[in-house]
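Read through the structure below, which is laid out as structure tokens, and then see the notes.
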Number of protein chains: 2
Amino acid sequence: MDIHPIGYLHSDFESRFGAPRQPGIVPEARGELHLHPPYNNPEALSGLEGCTHIWLIVGFHATPDRPWRPTVRPPRLGGNQRCGVFATRSPFRPNHLGLSLVRQIGLLAPPACGLALRGVDLIDGTPVYDIKPYLPDIEAPTDAQPPDLMRTALPGLRVEWRASALAELATAPAELKALITATIAADPRPAYRRGQDAAHFGMRLAGYEVAWSVADETAWVESVSPAPGKDSKGR
Amino acid sequence: MDIHPIGYLHSDFESRFGAPRQPGIVPEARGELHLHPPYNNPEALSGLEGCTHIWLIVGFHATPDRPWRPTVRPPRLGGNQRCGVFATRSPFRPNHLGLSLVRQIGLLAPPACGLALRGVDLIDGTPVYDIKPYLPDIEAPTDAQPPDLMRTALPGLRVEWRASALAELATAPAELKALITATIAADPRPAYRRGQDAAHFGMRLAGYEVAWSVADETAWVESVSPAPGKDSKGR
């Protein structure tokens, strides 16, 4: 079956590194879903009033293509243990389809046609194939349990800021500090680098270059500077 | 993007008429997801132990193809009111993609490779494009609200059985009565026929032909007989 994007998602996450592994983990993470022709008709979104959360069916467009493998090594299991791809939310899967529940906070201002979102875990430029309203009566069964293997939560990181990095925020949007802190707290490190102490990381977030390091399970934000070549709002 | 079924769903619902409009409404509704080559490798399902619910991303293969329209008339609104397709779960949508949360009750016996399911709202033969575990921590936000328009629940139907129809169950599987009752109670009538009193309906369910009528908002099961041309388990 041939499917076509109805639009594209613009988000604070400009690369896979740094993007949260699930939606809602970083509530500050902004997104905008822009519908493209012929779907950019505001009537298609009428009736979403009052709807707090929507499902996005998306394509994992930035995941390297590789031959089908029945198992993956999920980061939640430390990256050492294999399990079936259908027991995980790994992006390495048949058809490269992703599913993400995000908060809907309103319509984009015309002439754009689309939705403003929060809690996004998708990277900038993600193709979107469908939008569906979240139906809490149907889709939040009270007796649901996740796979046994997925019950081990990652501990996350404590985040501290160097005084020099805080000073660099002076001219940045007010929400940038919370976005950076929550993104690093979710521990975006690849599993194989979790054991390394004094490791240094860089990521681009909402139009800023962010440098941080980890020592003793505490992350230190080292510096924050506007990224070259893009306006600092990441749009 | 070209996507390929990983397998097909076999269910009690042999046609769109009668199939519940949401998953979980008829907990008795059985389904089997059979993975097809090259995906029929049991390793791909390993790690689903303990997982009570899974998402299926499917194709609405039995929905007539028609040109893109931004609005639909959802049955929940009585079929008279239009609203945006992205505010509904209507099958008439771009890319014909469906999303369904179903209960997983175990692996199929080899040599089949797949999952036994309950609470299915999909018709027999539905192509499945992905399986993802349901993650209650992430996907059941406590403050979620559906679209305003979707808050009006359909009242459903009271279901009574004619003595002659009950007698016909003598040789049927024990669970058939509960399946038929719950399916009719969910009121599968098209919106334009809801006002008609003394209306008669027929549907094929789990290999049986079921005749029923509605008078004064009570449904009467009139007769139940094995359908010709298919074994009576609907498999």
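So you know, we letter chains A, B, ... as the sequences are listed, proteins then strands, and number each from 1.
- Taking CD1 of A:I57 as the reference point, atom CH2 of B:W55 lies at 9.5 Å (rounded to 0.5 Å).
- Listed options B:C83, B:A140, B:A144 were ranked by heavy-atom pairs under 4.5 angstrom with chain A; first place goes to B:A144.
- Scanning all heavy atoms of the two residues, the minimum distance from B:P94 to A:I6 falls at CB-CG2, 3.7 Å.
- Remark: A:L135 CG to B:R89 CZ distance equals 5.0 Å, nearest 0.5 Å.
- Among A:H53, A:E43, A:K132, the residue with the largest count of heavy-atom pairs under 4.5 Å with chain B is A:K132.
- Of the listed residues (A:P133, A:S100, A:P74, A:P141), the greatest number of heavy-atom pairs within a distance under 4.5 Å of chain B belongs to A:P133.
- A donor-acceptor pair under 3.5 Å links the side-chain atoms of B:S46 to the main chain of A:G84, judged by distance alone.
- Remark: of the listed residues A:I54, A:L35, A:L33, A:L35 is the sole one forming a side chain to side chain contact (heavy atoms under 4.5 Å, CB included) with B:F86.
- A donor-acceptor pair is defined here as one N or O able to donate and one able to accept, closer than 3.5 Å; such a pair exists between the side chain of A:N95 and the backbone of B:H4.
- For the options B:N41, B:L115, B:L99, heavy-atom pairs under 4.5 Å to chain A are most numerous at B:L99.
- For the options A:H61, A:R82, A:R103, heavy-atom pairs under 4.5 Å to chain B are most numerous at A:R103.
- Scanning all heavy atoms of the two residues, the minimum distance from B:G50 to A:D148 falls at CA-OD1, 3.4 Å.
- Remark: A:Y129 OH to B:I3 CD1 distance equals 8.5 Å, nearest 0.5 Å.
- Under a cut-off of 6.0 angstrom, the local environment of CZ in B:R193 is crowded, with over 12 non-hydrogen atoms contributed by other residues, nucleotides or ligands.
- Of the two parts of B:R69, neither the backbone nor the side chain holds a non-hydrogen atom closer than 4.5 Å to a non-hydrogen atom of chain A.
- Counting heavy-atom pairs closer than 4.5 Å to chain A, the top-ranked of the candidates B:Q22, B:E49, B:R93 is B:R93.
- Between chain B and the options A:P136, A:G119, A:A44, the largest number of non-hydrogen pairs under 4.5 Å is found for A:A44.
- Heavy-atom pairs under 4.5 Å with chain A were tallied for B:P146, B:P5, B:P23, B:G47; the largest tally goes to B:P146.
- The most heavy-atom pairs under 4.5 Å with chain B, out of A:G59, A:S90, A:P38, come from A:P38.
- We find the CZ-CE distance between B:F60 and A:M1 to be 10.0 Å, quoted to the nearest 0.5 Å.
- Looking at A:I138 and B:L101, their side chains never come closer than 4.5 Å, going by heavy atoms from C-beta outward.
- Highest contact tally toward chain B, considering only A:I25, A:L149, A:D137, A:T88, is held by A:T88 [criterion: heavy-atom pairs under 4.5 Å].
- The shortest side-chain heavy-atom distance between A:D143 and B:T52 does not fall under the 4.5 Å cut-off.
- One distance of note links CG of A:L97 with CD1 of B:I131; it measures 12.5 Å at 0.5 Å rounding.
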